[in-house]
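Written below as structure tokens is the structure these notes are about.
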Amino acid sequence: MSVVRKFSAPQGTTLFSPGQDCPGFLILKKGCIKVTLTGSSGREVVLYRVHPGEVCLQTFSCLIEDQSYAAEGIVEEDLEGDLIPAGQFRQQLDLDAEFRIDVLNSVALRFTEYQQLIEDIALTGFDARLAKVLLRLADQAGVVHATHSALAAETASGRAYVSRRLAEFARRGLVEQLSDGIRICKNHELLQISV
């Protein structure tokens with residue numbers, strides 16, 4: 001793929017935002033991108049994260065439909081990868097069967113994640129969603145380094161509601177609220193709530 005060029009970006013970089021044209025298709029080799037959507041009310045929801053070997057649906061959609069971005073992509077972990085320029089992406093899909101199969105398989109998996117997100121929001125109780133997010137974001141020491149606003153975006157809810165439910169979790173001894181995050185105190189009980 002002679003059209004491919006090396007790409008890197010440090011943590012905290014905004015890769016794309018609503019209304020921006022897509023520069024190309026990123027084959028991620030290292031790092032993580034968080035893709036969020038912000039409503040007119042200012043409320044934000046995390047749509048998905050892109051890890052090595054995965055496809056960003058926003059980018060794929062922009063390149064296939066020749067449209068601009070509708071969401072925002074932020075680098076969560078320093079990125080390294082290869083970028084196929086927008087003008088060459090369709091040609092690469094047409095000419096490279098292995099690349100086409102990899103991209104389409106990744107898109108299919110991403111749609112499965114979207115289905116799970118919709119199911120979680122529409123059919124799962126909030127405490128279960130919050131417990132899942134806390135367990136997923138916890139570091140090795142069982143601490144979640146996230147603000148209540150960030151947890152609201154992760155759970156597709158409001159900050160005030162997250163704060164109230166975390167206070168209830170703390171009252172029950174499931175978590176301890178710290179100045180820089182939340183410590184999980186009863187991992188097993190959170191697992192039970194998350195199902």
Side-chain angles (χ1 to χ4, degrees), residues 1-122 129 132-133 135-137 145-147 149-157:
M1 285 194 272
S2 59
V3 296
V4 173
R5 70 174 204 256
K6 296 294 180 193
F7 180 87
S8 64
Q11 180 180 6
T13 302
T14 300
L15 282 184
F16 55 84
S17 54
Q20 179 183 340
D21 289 335
C22 180
F25 184 82
L26 181 62
I27 301 170
L28 192 58
K29 295 185 174 179
K30 177 185 171 192
C32 178
I33 304 164
K34 179 174 72 172
V35 180
T36 62
L37 186 63
T38 303
S40 58
S41 66
R43 192 163 146 194
E44 178 184 74
V45 64
V46 175
L47 298 176
Y48 54 88
R49 285 176 169 80
V50 183
H51 298 97
E54 298 177 346
V55 168
C56 174
L57 278 185
Q58 279 287 309
T59 298
F60 180 77
S61 177
C62 289
L63 291 171
I64 293 298
E65 298 176 3
D66 198 26
Q67 295 182 351
S68 57
Y69 282 105
E72 182 174 64
I74 304 289
V75 177
E76 274 197 322
E77 299 169 13
D78 293 352
L79 296 185
E80 290 180 15
D82 296 323
L83 186 71
I84 300 173
Q88 303 299 317
F89 175 72
R90 285 189 184 171
Q91 182 180 357
Q92 192 68 34
L93 274 181
D94 288 343
L95 299 177
D96 187 337
E98 184 179 340
F99 175 72
R100 181 174 52 252
I101 289 168
D102 287 347
V103 168
L104 293 177
N105 283 339
S106 189
V107 168
L109 288 173
R110 185 65 68 200
F111 274 115
T112 301
E113 290 175 4
Y114 260 136
Q115 181 178 341
Q116 184 63 52
L117 174 66
I118 291 167
E119 181 179 316
D120 284 349
I121 292 169
R129 289 199 327 261
K132 280 182 192 177
V133 166
L135 291 166
R136 181 171 44 84
L137 296 180
H145 299 280
T147 64
S149 293
L151 291 172
E154 295 283 347
T155 57
S157 63

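Just so it is clear, the structure is predicted and the values come from calculations on it, not from any experiment.
Minimum interatomic distance between L137 and E154 (heavy atoms only, all atoms of both residues): CD1-CG, 4.1 Å. Taking all atoms of both residues into account, the shortest heavy-atom contact from R129 to S157 is NH2-CB, 4.3 Å. Of all non-hydrogen atoms in L83 and G24, the two that sit nearest each other are CD1-C, 3.7 Å. Of all heavy-atom pairs spanning Q20 and L15, the tightest one is NE2-O, 3.5 Å. Contact detail for G31 and P52: the closest heavy-atom pair is O-CD, 3.3 Å. Contact record, I84 with I27: CD1-CD1, 3.9 Å, taken as the closest heavy-atom pair.
More than 12 heavy atoms of other residues, nucleotides or ligands sit less than 6.0 Å from atom CD of E119. Under a cut-off of 6.0 angstrom, the local environment of CG in D66 is sparse, with at most 12 non-hydrogen atoms contributed by other residues, nucleotides or ligands. Residue-environment remark: CD (E98) stays at or below the threshold of 12 foreign heavy atoms within 6.0 Å.
The shortest side-chain heavy-atom distance between V35 and C56 falls under the 4.5 Å cut-off. Contact annotation: the side chain of L79 never approaches that of S8 to less than 4.5 Å [non-hydrogen atoms, C-beta and beyond]. A 4.5 Å side-chain heavy-atom check between T59 and L26 finds every atom pair outside the cut-off. At a threshold of 4.5 Å between non-hydrogen side-chain atoms, the residues V50 and V55 do not count as touching. Contact check for E54 versus L109: no side-chain heavy atoms found under the 4.5 Å cut-off.
Although no hydrogens or angles enter the test, the distance criterion places a donor-acceptor pair under 3.5 Å between the side chain of Q58 and the main chain of A70. Side chain of T13 to backbone of P10: a donor-acceptor contact under 3.5 angstrom is found. Side chain of Q88 to main chain of P85: no donor-acceptor pair is present (N/O by atom type, distance under 3.5 Å, no hydrogens or angles). Checked by atom type and distance alone, the side chain of T155 pairs as donor or acceptor with a backbone atom of L151 at under 3.5 Å. Although no hydrogens or angles enter the test, the distance criterion places no donor-acceptor pair under 3.5 Å between the side chain of Q67 and the main chain of C62. With hydrogens and angles ignored, the 3.5 Å screen pairs no side-chain donor or acceptor of R49 with any backbone N or O of C32.
Atom CD of E65 sits about 9.0 Å away from atom CZ of F60, to the nearest 0.5 Å. Note that CD1 of I64 and CZ of F89 are 5.0 Å apart. Values are rounded to the nearest 0.5 Å. Here the CG atom belonging to L93 is positioned 7.0 Å from the CZ atom belonging to R100, to the nearest 0.5 angstrom. T38 contributes atom OG1, which lies 6.0 Å from atom CD of E72 (distance to the nearest 0.5 angstrom).
Under the 30°/60° scheme for interplanar angles, the aromatic rings of Y69 and F16 are found to lie parallel.
Under the 4.0 Å criterion applied to side-chain N and carboxylate O atoms, R5 and D82 are not assigned as salt-bridge partners.
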